[in-house]
Each structure stands twice: as C-alpha cells, then as structure tokens.
Amino acid sequence: MRIGFFDSGIGGLSVLHEALRRLPREDYLYYADDANVPYGNKSREEIRCCVFEAVDFLAGMDIKALVVACNTATSVAIQDIRLKYEFPIIGMEPAVKPAVKSVDGKRVLVFATPMTLCESKFIGLLNQVDIHNKVDYLPLQELVTFAEAYQFDRVVILSYLKERLKDYDLNRYGAVVLGCTHFPFFKNHIREIFPKGTAIIDGNKGTVQNLKNMLASMGRIHEGNGHVEYYRSGKRVMDDYTMERYLLLLRKIEDGNGSITDRPG
Ligand code: DGL
C-alpha cells in the first residue's frame, strides 16, 4: 500500500523529497489542493472543509498512512481528521524546539502562514518551549503565492524579504525556522539575507523520521519502489508539463534549497 502526502499545493513536495531520500522503497501518492491554494489566509472553517475533502479522496485510494505535509492544515484540522480516519496520520510542526536549543544566547525567528501563527497549536508550542522568551515570528504568506507561481527570481524574492524584515535586526538571530512547507524553496534567498552562520531549520527531517518510526512500529516498511502518483485536487496529473514542473521542484530542493537542517558558515 502507498503513503499519502497532502498539501495545499506544491509545498509538500519539499517533504516528499525528504521521504524519497529516506524511504526510497515506499510508493507515494501526492495530493496538491490546487483548486484551493493558498490556505494560509483562509478562515478555519474553509481550511477544514478543504482538508476533509482532500483526505476523503486519499482515504478512497487505500493508503497505509498519511502525511499532512502542510503546517497550516495540521494546525487547523489534524485532531479532527485523526478522529475520522483509521490510518495513521503524521502532521507538521514548526521546528521551534531544535531551533531554541541550537541558538546559544541569540534569538529565533519563525516564518509561517498567518493561520499557523495564530492557531492554538503554535501558541501552545511556544508556551512549552520558549520559556526564556527568545522566539519572534512573522507571517510570510506571499512566499506561498510566489512558489505557486514558480516565481523564484532572486531580485523579486530578496526585495520582498527585505521589505518584510526591514524592522528586524537580523544579527540578533541564531536560527530561522521555516514553518511552512513552501518556504524551503526559498532557502537560498533567506540564507542570503541573514548573516553567515544563521541556522535555517525546517520540520521536514523530523516529520519523515516520525513517518519512518511509525511504519516500523506497524511492521509496514519497504513495500514499494519509490513510485509517486500525483493528483491536483482529485485529478490525476498525466500531462508532461506539470510532471516536469514537479520534478523541477524536487530537483530544486536537491540543489540546496534543501529540506534538511542546515547550518552554513
Ligand atoms: N504549505 C502550507 C504550510 O505549510 C500552506 C501554505 C498555504 O497554502 O498558505 O503551511
């Protein structure tokens, strides 16, 4: 049986990339909710509806586990979908815990969607791990829009990031947390803005480790050969153009806009 991956759009490909690397002998089904992307500035109710529709579809495809490769969908709906479906469900969480541990006197800056940052799941996480008040956060919803438009132009992205960060003293930060699965595609741009040595951390590695542990505990590991079938809001992707674009994004992660914890400098 296959493992389902779900995101509002292409962001979850950054997590799928990590899964293909660490669990190459599984088969995958990737669902991008293109008809409804972006999620991050929708209401809770709208996001819940979208998530249930997508997961209903994946449930009908007989998956052995689901990765909600979307921080926003996880924040809003993970508890509800876990109640409804029998298969195990792994969610995403901004990697604040490892970031706080790594900074040694400096601060942590979390980037995510507005919905992720205002949800009780994130506030609860901060209450639990940010006991010394070291964490700041900033919504960067437009990065989702840029990614969906395949807008990765250096000048455009740097000027957006500089504008959003103009009131921040970047030297104060020892780590940046990418709390949205679309953001690893901009890792090189973010790296360029922050001082050398700033760690850029995402939750992809931890999520795939959770998936691996869970499959091992079920005795359901290594059941395939790395085949991926892609769906866009319920329709199977068959055209070469979209397939090419997805492969390009997977390669982009491979080329250093990576999905693993990274400490340059
Ligand atoms: N990739 C998603 C996340 O991790 C959602 C982005 C969006 O659709 O706004 O939050």
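First listed ligand is number 1; within each ligand, the first listed atom is number 1. Just so you know, residue 1 is the first one in the sequence shown, and it goes up from there.
With hydrogens left out, the protein atom closest to atom 10 (O) of ligand 1 is T72 OG1, 2.5 Å, a heavy atom. Ranking the protein heavy atoms by distance from atom 9 (O) of ligand 1 puts G40 N, 2.7 Å first. Among protein heavy atoms, the minimum distance from atom 7 (C) of ligand 1 is reached at Y39 N, 3.3 Å.
Ion pair E223/R2 not flagged as a salt bridge, since none of the NZ, NE, NH1 or NH2 atoms sits closer than 4.0 Å to an Asp/Glu carboxylate oxygen. Looking at R236 and E229, a side-chain N of the basic residue comes within less than 4.0 Å of a carboxylate O on the acidic one, giving a salt bridge.
A cation-pi arrangement, defined by a distance under 6.0 Å to the six-membered ring centre and an angle within 45 degrees of its axis, is absent between R232 and Y31. With a 6.0 Å cutoff to the six-membered ring centre and a 45° limit on the axis angle, K64 does not count as a cation-pi contact of F87.
Side-chain contact check for T242 and D239: at least one donor-acceptor pair (N or O, by modelled atom type) lies under 3.5 Å. Residues Y85 and D56 bring a donor and an acceptor atom of their side chains to less than 3.5 Å of each other.
Contact annotation: for T113 versus ligand 1, heavy atoms closer than 4.0 Å belong to the side chain alone.
For ligand 1, the polar-atom distance check against T116 finds no nitrogen or oxygen pair separated by under 3.5 Å. In terms of polar-atom proximity, defined here as any N/O pair under 3.5 Å, S8 does make such a contact with ligand 1.
By the 4.0 Å heavy-atom criterion, C70 is counted among the residues contacting ligand 1. Ligand 1 lies within reach of Q141, whose nearest heavy atom is under 4.0 Å from it.
Counting heavy-atom neighbours within 6.0 Å of Y137 OH, excluding the residue itself, gives a total of 12 or less.
Below 4.0 Å from some heavy atom of D7 lie the following atoms of ligand 1, by number and element: 1 (N), 2 (C).
Within the set D33, I10, N71, T145, the minimum heavy-atom distance to atom 3 (C) of ligand 1 is found for N71.
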